[in-house]
Amino acid sequence: MNTSESHSAAPGRNRVIIVGAGIVGAVAAHSLAQAGHDVVVVDAGRPGHGTTAASFAWVGVAKSPASSQQSPLCSRARADFAALLAELPSAGSAVGYRASGAISWEETDSLTREFAAAHVAAGNPMRLITGAAARELEPTLCEAPEVVAYAPDDAGVDPVALTEALLSSARRHGAEVRSDTAVTALVVEHGRVTGVTTADGRMAGASVVLAAGTGSAALAAAAGVSIDLAPAPCALLRFSTPRPIIRGIVSTPELEIRQLDDTTLLAAEDVPGGFSGDPAMLAPPALAAIRANFDGAGDIRLDGAVIADRPMPSTGEPLVGPAPELPGLYLAVAHPGVILSGAIGRRIAEDHARLLPFA
């Protein structure tokens, strides 16, 4: 356990306690510490190595239907993410930011046209290109349909490196990060949350930001707050590549892949219902599809596979804001956390400027 602070010290009058040090907790810490709040982050394990480490970390619009990006938080996600990167030392270079665009297509040309048209109507940077143009963008691609959607501004990032960079920034602004410190309960006194309980004892705070992913629901429920989540398992496969196989992001009905770096290829796979086996068992179909669809992919090898539950609010909308039924508790549960991180950090800082105006 991290014992850098006595649990009986500091009344926490202006302290913000952040539960969870994944991408959402990290951006909360960065934004709040930068705004002058006294911030303590507590995580049950190693920061950034839970669900965040299993993220495909696609930064852009071509992953989801345009209709899923209409909320105020989602609509500003790209601009807020760019602003967040600019706040970090070395900007994107230190967090593996690779802006090479994304090509995608659906089961039919008609569906691809509909997908792209919806994004264009929403003002998102996307256009239709030919299969030949797609192969120019991705020279190793063996075949492509006649109609392909192209999002030139889409990118990928290393989610663990981004999380670590945000936490480092928070520390530079005075925040404390406690790893291997599990929060066992929220402390509720006189009808409001006044801190958390860990194995080290109680920690007082003026606000508790619950950013523990799927683990947030149980902590909130014990304090009488219901968080309706529909956890969605997803597998992330890592392949070693002697050389880069692709330049940008490629998403098709068969596969979803991108280079994390020049020697690591990521693939995101859905998890079949009821599956409880070794995540590596999900790799052979993806590996076969990559080898069949890309030249020079014959010598790639599986390096690792993991399954994680994405914290999906049942409404489909990010859950970011004060819990109305319990003062002192702030909810920060969202998917996808990486692309939304800048918007989430901005929202949390703005809300806390109102909730804790004496920071």
Side-chain angles (χ1 to χ4, degrees), residues 20-31 41 43 45-63 77-78 80-102 151 153-172 177 179 211 213 234-251 256-269 279 286 300-308 310-311 334-345:
I23 184 63
V24 174
V27 77
H30 161 80
S31 299
V41 185
D43 192 275
R46 183 180 172 192
H49 284 73
T51 301
T52 293
S55 170
F56 189 72
W58 184 336
V59 180
V61 300
K63 166 68 175 171
R78 181 188 293 277
D80 284 330
F81 187 85
L84 179 66
L85 280 188
E87 294 171 0
L88 300 175
S90 304
S93 62
V95 297
Y97 187 70
R98 297 170 72 97
S100 301
D153 297 340
D154 279 20
V157 69
D158 184 331
V160 175
L162 177 59
T163 299
E164 291 173 346
L166 290 167
L167 291 174
S168 293
S169 170
R171 290 188 187 96
R172 285 194 299 274
V177 180
S179 59
C234 184
L236 185 75
L237 311 175
R238 289 175 178 260
F239 298 97
S240 61
T241 62
R243 69 202 71 80
I245 300 298
I246 57 174
R247 295 174 174 174
I249 301 170
V250 179
S251 178
E256 184 175 292
I257 60 173
R258 73 176 184 89
Q259 296 283 158
L260 177 66
D261 52 46
D262 286 350
T263 59
T264 306
L265 184 75
L266 299 182
E269 289 289 318
I300 71 171
R301 297 289 182 269
L302 181 68
D303 253 359
V306 63
I307 293 175
R310 296 167 291 185
H335 176 81
V338 173
I339 177 61
L340 290 174
S341 57
I344 290 170

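Between the CZ atom of Arg238 and the CG atom of Leu236 there is a distance of 6.0 Å, given to the nearest 0.5 Å. Atom-to-atom distance recorded for Ser341:OG and Leu85:CG is 7.5 Å, nearest 0.5 angstrom. Atoms CD and CG, on Glu269 and Leu237 in that order, are 5.5 Å from each other to the nearest 0.5 Å. With rounding to the nearest 0.5 angstrom, the CG atom of Asp158 is 10.5 Å from the CZ atom of Arg98.
Ala77 and Leu340 get closest at one heavy-atom pair: CB-CD2, 3.9 Å. Contact detail for Thr263 and Pro242: the closest heavy-atom pair is CG2-O, 4.4 Å. Between Ala29 and Leu167, the shortest heavy-atom contact is CB-CD2, 4.4 Å. Closest approach of Ile307 and Ala235 over heavy atoms only: CG1-CB, 4.0 Å. Across every non-hydrogen atom of Ala155 and Ala99, the tightest pair is CB-CA, 3.6 Å. The minimum heavy-atom distance linking Val41 with Gly20 is given by the pair CG1-O, 3.7 Å.
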TODO: Output, in order, the C-alpha distance, side-chain angles, deciding distance and verdict of side chain to side chain contact (heavy atoms under 4.5 Å, CB included) for Leu166 and Leu88.
DONE: CA-CA 7 Å; Leu166 290 167; Leu88 300 175; 4.0 Å; yes
Open item on the list: Determine whether Ile23 and Ile344 satisfy the following criterion, side chain to side chain contact (heavy atoms under 4.5 Å, CB included), listing intermediate values before the conclusion.
Closed with: CA-CA 10 Å; Ile23 184 63; Ile344 290 170; over 6 Å; no
Task: side chain to side chain contact (heavy atoms under 4.5 Å, CB included) between Trp58 and Ile249, intermediate numbers included - done: CA-CA 8 Å; Trp58 184 336; Ile249 301 170; 3.6 Å; yes
- [ ] Could you check Gln259 against Thr264 for side chain to side chain contact (heavy atoms under 4.5 Å, CB included), going step by step and ending with a plain yes or no?
- [x] CA-CA 6 Å; Gln259 296 283 158; Thr264 306; 5.5 Å; no
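Few gaps surround CZ on Arg172; more than 12 heavy atoms of other groups in view lie less than 6.0 Å from it.
Note on Arg78 versus Asp154: salt bridge recorded, some NZ/NE/NH1/NH2 to OD/OE distance being below 4.0 Å.
Residues Leu162 and Phe81 form a side-chain contact, since some pair of their non-hydrogen atoms from C-beta on lies under 4.5 Å apart. Considering only heavy atoms from C-beta on, Ile246 comes within 4.5 Å of Ile257 through its side chain. Side-chain atoms of Ser31 and Val27, non-hydrogen and from C-beta on, do get closer than 4.5 Å to each other. No side-chain heavy atom of Ser179 sits less than 4.5 Å from a side-chain heavy atom of Asp43. Side-chain contact between Ile300 and Ile245 is present, with at least one heavy-atom pair separated by less than 4.5 Å. Side-chain contact check for Glu256 versus Val250: every heavy-atom pair is 4.5 Å or farther apart. Residues Ser240 and Asp303 are in side-chain contact: their nearest non-hydrogen atoms beyond the backbone lie under 4.5 Å apart.
For His30 (side chain) and Ala28 (main-chain N/O), no donor-acceptor pair under 3.5 Å exists by modelled atom type. The main-chain N or O of Arg247 is found under 3.5 Å from a side-chain atom of Ser100 such that the two form a donor-acceptor pair. Checked by atom type and distance alone, the side chain of Ser168 pairs as donor or acceptor with a backbone atom of Glu164 at under 3.5 Å.
Cation-pi geometry between Arg258 and Phe56 is met: the NZ or CZ atom falls under 6.0 Å from the ring centre, inside 45° of the normal.
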